[in-house]
Novice: 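One structure coming up, written as structure tokens, with questions to follow.
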Amino acid sequence: GGRDMLETAAKTVREHRGPRCFLIGVTMLTSLEDTDLTEIGIKGKIEDQVIRLASLSLSAGLDGVVCSAEEIKALRKKFGEKLKLIVPGIRPKWASDNDQKRIVTPSQAISYGADYIVIGRPITRAKSPLDAVCRIVEEIDEV
């Protein structure tokens, strides 16, 4: 099953990884909302599903999970620092939301307790990706 696959992947990574390599599980996409779960046949709220998947990831030996900033508090309460939290759906104050529904600014994600943040389109679609990165760093430093 899925748990066996995760355990095998975790074992393989532990045996072969370098010191900065993590095995990360994906919980729920940041482009989904609670109403989307109902449409795809999953009962309950996104936060409950994220906690269930994070628990499975931890028990299988993974190092962390991808989650939205909205789940950071619940995950930290349940798991403390046992899991690294990687947070996508990050949009600087000046960027458009695109298809993301559960988003926060870089500063918000960091203040909530994200270990790593993922910023894609605001950088990759910028006229100058380097300028975009500099603006994001400045925005984070303001806090």
Side-chain angles (χ1 to χ4, degrees), residues 1-126 129-130 132-143:
R3 182 186 166 93
D4 292 338
M5 183 175 65
L6 290 175
E7 288 174 344
T8 300
K11 181 177 182 269
T12 302
V13 168
R14 275 194 303 276
E15 290 171 357
H16 298 92
R17 72 175 164 190
R20 295 183 61 158
C21 181
F22 300 115
L23 184 61
I24 304 298
V26 176
T27 58
M28 299 297 294
L29 301 176
T30 54
S31 58
L32 297 176
E33 296 178 299
D34 284 334
T35 54
D36 295 314
L37 293 187
T38 304
E39 289 181 23
I40 59 176
I42 298 174
K43 295 180 180 177
K45 296 186 175 289
I46 285 179
E47 184 176 296
D48 298 334
Q49 184 75 352
V50 167
I51 289 173
R52 186 181 72 72
L53 292 169
S55 182
L56 175 64
S57 297
L58 182 63
S59 68
L62 275 65
D63 299 299
V65 294
V66 177
C67 65
S68 88
E70 294 177 12
E71 289 93 43
I72 293 173
K73 185 176 181 180
L75 289 170
R76 287 290 183 225
K77 182 177 181 183
K78 176 97 175 152
F79 304 107
E81 299 294 324
K82 292 177 186 173
L83 288 169
K84 302 259 184 234
L85 302 182
I86 294 80
V87 181
I90 304 298
R91 294 292 184 264
K93 296 174 190 173
W94 45 266
S96 66
D97 295 353
N98 299 111
D99 65 337
Q100 301 297 297
K101 296 177 181 172
R102 297 179 298 134
I103 62 170
V104 295
T105 66
S107 298
Q108 287 171 317
I110 292 167
S111 70
Y112 295 168
D115 290 299
Y116 299 94
I117 59 175
V118 180
I119 306 173
R121 283 174 280 202
I123 296 170
T124 61
R125 292 189 179 169
L130 180 58
V133 169
C134 291
R135 287 179 71 188
I136 292 166
V137 170
E138 288 172 6
E139 187 175 316
I140 292 170
D141 284 345
E142 289 175 3
V143 176

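Values in this document were obtained by computation on a predicted structure and should not be read as measured data.
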Novice: Report yes if some heavy atom in the side chain of L53 is under 4.5 Å from a heavy atom in the side chain of V65; otherwise report no.
Specialist: no
Novice: Testing the basics here: between Y112 and I72, what is the closest heavy-atom pair and its distance to 0.1 Å?
Specialist: O-CG2, 3.0 Å
Novice: Look up atom CD in Q49 and atom OG1 in T27, then write down how far apart they are to the nearest 0.5 Å.
Specialist: 9.0 Å
Novice: Are the side chains of I86 and K84 in touch, meaning some heavy atoms are under 4.5 Å apart?
Specialist: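 Sidechains of K84 and I86: in contact.
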Novice: If every non-hydrogen atom of V87 is compared with every non-hydrogen atom of A114, which pair is closest and at what distance?
Specialist: CG2-CB, 3.5 Å
Novice: For A74 and I51, which heavy atoms make the closest approach, and how far apart are they?
Specialist: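 In terms of heavy atoms, the two residues are closest at CB-CD1, 4.0 Å.
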Novice: Could you check whether T105 and Q108, counting side-chain N and O atoms only, form a donor-acceptor pair closer than 3.5 Å?
Specialist: yes
Novice: Taking the side chain as C-beta and beyond, is there a heavy-atom pair between K82 and L58 under 4.5 Å?
Specialist: yes
Novice: Starting from the C-alpha separation in whole Å, work towards a yes-or-no answer on salt bridge (charged side-chain N to carboxylate O under 4.0 Å, His left out) for R76 and D115.
Specialist: CA-CA 11 Å; R76 287 290 183 225; D115 290 299; 2.7 Å; yes
Novice: Any donor-acceptor pair under 3.5 Å linking the side chain of E139 with the backbone of K93?
Specialist: yes
Novice: Where is the tightest heavy-atom contact between W94 and P122, given as atom of each residue plus distance?
Specialist: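 Answer, listing the atom of W94 first, then P122: CH2-O, 3.8 Å.
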Novice: If you apply the rule side chain to side chain contact (heavy atoms under 4.5 Å, CB included), what do you find for V118 with I90, and how did you get there?
Specialist: CA-CA 6 Å; V118 180; I90 304 298; 5.5 Å; no
Novice: Kindly give the heavy-atom pair with the smallest separation between L83 and L62, and that separation in Å.
Specialist: CD2-O, 4.0 Å
Novice: What's the verdict on side chain to side chain contact (heavy atoms under 4.5 Å, CB included) for L75 and L85, showing C-alpha distance, side-chain angles and the deciding distance?
Specialist: CA-CA 9 Å; L75 289 170; L85 302 182; 3.9 Å; yes
Novice: Run the side chain to side chain contact (heavy atoms under 4.5 Å, CB included) test on I24 and V66 for me, step by step, so that the C-alpha distance in whole Å, both residues' side-chain angles and the decisive distance to 0.1 Å come before the verdict.
Specialist: CA-CA 7 Å; I24 304 298; V66 177; 3.6 Å; yes
Novice: With side chain to side chain contact (heavy atoms under 4.5 Å, CB included) as the criterion, how do E70 and E47 come out once you've worked through the C-alpha distance, each side chain's angles and the decisive distance to 0.1 Å?
Specialist: CA-CA 8 Å; E70 294 177 12; E47 184 176 296; over 6 Å; no
Novice: Kindly give the heavy-atom pair with the smallest separation between I117 and A109, and that separation in Å.
Specialist: CG2-CB, 3.7 Å
